[in-house]
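See structure below.
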There are 2 protein chains.
Amino acid sequence: MKIDPDKKSDLSAQIAKAIRDAIIAGQLMVDERLPSEAELAEQFAVSRPTVREALKRLAAQSLIRTQRGAFGGAFVNRLSYGEAYGQQITTATLLLSMNAVSFDVACEARYALERACAPLSAKRRTCEQLATLRAEIQRQAQPGLSDETFCASDVTFHRTLVDGAGNPVLSYQLAGAVEAMQPLMNMITFTARSREAIVTLHTRIADALEMRDAGAADTALSQLEEYTLGLGRDVMQARATRA
Amino acid sequence: MKIDPDKKSDLSAQIAKAIRDAIIAGQLMVDERLPSEAELAEQFAVSRPTVREALKRLAAQSLIRTQRGAFGGAFVNRLSYGEAYGQQITTATLLLSMNAVSFDVACEARYALERACAPLSAKRRTCEQLATLRAEIQRQAQPGLSDETFCASDVTFHRTLVDGAGNPVLSYQLAGAVEAMQPLMNMITFTARSREAIVTLHTRIADALEMRDAGAADTALSQLEEYTLGLGRDVMQARATRA
DNA sequence: GACGTTTAAATGTCTGACATTTTGCGCGCA
DNA sequence: TGCGCGCAAAATGTCAGACATTTAAACGTC
């Protein structure tokens, strides 16, 4: 099932790959216990530390979980949406920060994805989600809010919008896009006037969802995208002239 | 910078987290070399194997790469789109397969995301991408194609459609959604008639992109979604009656 | 100055041991 | 008989030291 040819080095990576493939192929079922480290070491004809390094690799991807004690060991993990979110967000954040993704490109992607959710959200949003949206809007309208708090509320607003689609796969996909934008958004200093404009557009979105009007939601999102893009360009320009 | 409180156990996880946080916070720049394993072991007051396990965790997430030899060591990795794709796909695949995500939900998410790309694709698709779409359509029309080959071509078609938007962030986000669906799609047996219908709709999409007609592309995608959904339901129903 | 050799630094791997945690079983006691 | 306590076993977590391997820089020779 999982032999290990004597390819070029890095045994722990090969072993991790073998086990990972077995999990993906369904040869190891969820909650099934893997052989103990000692047994794996014998199977692969390597030492225990090498096996351990392989298991740690898998643990980092939430593919397995380990449990100490008698009848403990490594178990195939049921990948939860929560864990997947976390990985998705860190990966997306790093991807954006390390590849010099421009504000424009990130913004375009984010709003394109959100617009994909809007019709579904208009159809399915719950009253509770609508209330959350309203509450966040109210928070954003408060004067004296720090930029970070404003951004955090913005993230909550948009995540709620996405969750409104009632499709966990969509929510998972978009969690990364929305949250990974936050560092970029945090670079923007929100003036009183820009906050007011954003709150107005957020209100328009919430109104559209309340009326279950997909078209209006799409329009408002487009306007918000354009406005956010303008804010980002101003920041970039100010930074360019200052330098 | 990265001390390590004596929280409850699993030192390697704590160390990995400390380094990961340092990378995300930008305290460690891309291509910067981390201290050697021995130095890290001394800093954190743990043994070298423990440090190694932590580093393997980070390597599994492509956060670092290691290089052997003199002046080798662990370096902060520039997360490339390719690596991110890979992780995204395996995570999404597992999420779908282990959480019993229904065909309907996955399908809805996938086509919602693709429709988000369609307008951008209509605007920006290159001639080369259009040619790829046409070539895949031609391949799909060939008789005697295995279901797996047909599915693979389908994936290529849709990934090209997504890439046509010319936004790498979008491509990254959607790679998971499209590829992770493949195992579910592979459960479908494509009859000659259903293949013909799919090819017709694919052609309609390609035509729309050629004319740069976003509306037509959206319509064709909606029809394809509905048709795919129907196919999936038939399979489920057949499976239910057989059981 | 070019080329081969040495050398040192670092990761990769192994061996063996001990610590810690958790479970299950058996023993003793009421 | 039933209950609880403690001990042993099994497994992971951690450590220490050693050796193997790889790689590039430093050195020496022609």
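The chains referred to below are lettered A, B, ... by the order of the sequence lines, with proteins before strands, and numbering in each begins at 1. Only a predicted model underlies this, so the values are computations on that prediction, with no experimental measurement involved.
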Flag if over 12 foreign heavy atoms under 6.0 Å of CD, A/Glu42: no

Under a 4.0 Å N-O cut-off, is there an ion pair linking [X] with [Y]?
X: B/Glu53; Y: B/Lys56; answer: no
X: A/Arg65; Y: A/Asp31; answer: yes
X: A/Glu108; Y: B/Lys123; answer: no

Specify the residues of residues 70-79 of chain B, ordered by number, for which at least one heavy atom lies under 4.0 angstrom from an atom of DNA chain D. B/Ala70

Would you say the side-chain atoms of [X] pair up with the backbone N or O of [Y], donor to acceptor, closer than 3.5 Å?
X: B/Ser121; Y: B/Leu161; result: yes
X: A/Arg33; Y: A/Gly72; result: yes
X: B/Arg48; Y: B/Ala38; result: no

Note: for B/Gly69 and A/Gly69 on DNA chain C, the residue whose nearest nucleotide lies more 5' is B/Gly69

End-to-end axis angle, where each axis spans five pairs of the helix from C/dG1-D/dC30 to C/dA30-D/dT1, to 10°: 10°

Specify the separation, in whole Å, of atom CZ of A/Arg65 and atom P of D/dT12. 14 Å

Mind calculating the distance between CG (B/Leu40) and P (C/dA10) to the nearest angstrom? 11 Å

Do the rings of A/Tyr85 and A/Tyr172 sit parallel, tilted or perpendicular, given the 30° and 60° boundaries? parallel

Taking the side chain as every heavy atom from C-beta outward, state whether B/Leu79 and B/Leu63 have any pair of such atoms under 4.5 Å apart. no

Test item: side-chain donor near acceptor, B/Glu136 and B/Ser153, under 3.5 Å: yes

Along nucleotides 12-19 of chain C, 5' to 3', which nucleotides get a B, which get an S, and which get a -, given that the test is a protein heavy-atom distance under 4.0 Å? BBBB-B--

